[in-house]
Amino acid sequence: MATASWPPTPRSPRPQAPSVERAKGPSGLDKVVLREARGFSAEVHLYGGQVTSWKNDRGDELLFVSSKATFKPPKAIRGGIPICFPQFGTHGILEKHGFARNRFWAIDDNPPPFPTSTAAKAFVDLILKTSEEDLKIWPHSFEFRLRVALGPGGDLALTSRIRNTNTDGRPFSFTFAYHTYFSVSDISEVRIEGLETLDYIDCLRGKERSTEQGDAIVFESEVDKIYLDAPAKIAIIDHEKKRTFVLRKDGLPDAGKLIYHSNFLLLKNMIVDLCIQLTKNMQDFGDEEYKHMLCVEPAAVEKPITLKPGEEWKGKMDLSAVPSSYCSGQLDPNKVLQG
């Protein structure tokens, strides 16, 4: 008779069915928790329509949310993936980043078909419509539908559909961004690939035009550059965690901003622009937290999107986090950026 080994070999947890459930977050705010069979999860707050957590199958948090984040309206939540609409940054007359991140969204129980992957079983559909308060500051009617989907492999997809519902025949224009905060081990251990050999304008050298010579972007000193013709896929490699974030975007010609220490890097219309903003003066941002976060924002900024009544725009962001090998400071970007 065979003898049993001791201690017994632990069994792998049995996969659970994908699930979507309502829950309460900090300060009692409603949120939706998405879970996939292999243990991946994401959380979406109805306030702001904002993703505030994305975890892998080991429970590691992949998004950064400040320890001092305020979960009390009307203050925006610092971290996760805020939605910037109908204005990105200060590119307009509205408050910074618009008002969508400061509004309560509703769950859309009967959304129109979304052209997204049928593999994702854990997803939630949200909707934001024009309110009387919004009309006072931005006199246009709209419907903003957002689907947040968690794939079987842990990929996170956000799909936005914005429709002009004006009844007076007027078009409207807007700028937009997924203001994504990634959690990293330390900013000094991070590199960004996909921007190599691109032409750039160096704002610290009197807007001198040059060509990037490095293998990747690393963060060692103050940088203020505008990269031209940035690609639709970007890899963010965390040396210490041996993790690579791959960001893919569709319908978003711009690529947001990367935050480093007190420096912000803004990717605009296939362009990357680094500008400066002090984070230590932010009340909802810990003094040393800048070391552990990085923002890359798929966006439509340089050329605003214009919709006539009845027209609809769609913009999608796909995020994946995969293990990466790092040897002598060299990573094969083809293995990360292909596909």
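Please read these numbers as outputs of a predicted model, since none were measured by experiment.
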Q. Yes or no on salt bridge (Lys or Arg N to Asp or Glu O under 4.0 Å) for E21 and R35, after CA distance, side-chain angles and deciding distance?
A. CA-CA 9 Å; E21 61 180 87; R35 290 190 176 90; 2.8 Å; yes
Q. What do the steps show when you test R145 against E143 for salt bridge (Lys or Arg N to Asp or Glu O under 4.0 Å), and what is the final call?
A. CA-CA 6 Å; R145 285 184 161 87; E143 286 184 350; 2.9 Å; yes
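Contact detail for T306 and E311: the closest heavy-atom pair is O-OE1, 4.1 Å. Residues F64 and H292 approach most closely at CD1-O, 4.0 Å, considering heavy atoms. Residues L34 and V148 approach most closely at CD1-O, 3.6 Å, considering heavy atoms. Among all heavy-atom pairs drawn from N164 and L307, the shortest one is ND2-O, 2.8 Å. In plain terms, the two heavy atoms of F40 and P152 that are nearest each other are CE1-O, 3.5 Å.
Judged purely by atom type and a 3.5 angstrom limit, N166 has no side-chain atom pairing as donor or acceptor with the backbone of D168. In terms of modelled atom types and a separation under 3.5 Å, the side chain of Y47 and the main chain of P74 share a donor-acceptor contact. Between the side chain of S27 and the backbone N or O of F71, at least one donor-acceptor pair lies under 3.5 Å. Within the 3.5 Å criterion, the main-chain N or O of G315 finds a donor-acceptor partner in the side chain of Y178. T165 places a side-chain N or O within 3.5 Å of a backbone atom of S141 that can act as its donor or acceptor partner.
In this structure, NE2 in H239 is found 9.0 Å from OG in S324, a value given to the nearest 0.5 Å. Atom CG of D108 sits about 8.0 Å away from atom CG of L126, to the nearest 0.5 Å. L150 CG to K55 NZ: the interatomic distance, rounded to the nearest 0.5 Å, is 12.5 Å. Here Y181 contributes atom OH and M293 contributes atom CE; the two are 5.5 Å apart, rounded to the nearest 0.5 Å. Separating the CZ atom in F123 from the CD atom in E36 is a distance of 11.0 Å, to the nearest 0.5 Å. Note that the NZ atom of K96 and the CZ atom of R101 stand 7.5 Å from one another [nearest 0.5 Å].
Sorted by first and then second residue, the ring-ring contact (aromatic ring centres under 6.0 Å, His included) pairs involving residues 146-175 (not counting sequence neighbours) are F85-F174, W138-F172, H140-F172, F174-W313.
The aromatic rings of F144 and W105 stand perpendicular to each other, their planes meeting at an angle above 60°, with 30° marking the opposite boundary.
The same ILVMFWY cluster, assembled from side-chain heavy atoms under 4.5 Å apart, contains both I107 and I162.
The side-chain heavy atoms of L63 and T180, taken from C-beta on, include a pair separated by under 4.5 Å. The shortest distance between side-chain heavy atoms of Q50 and V44 does not fall below 4.5 Å.
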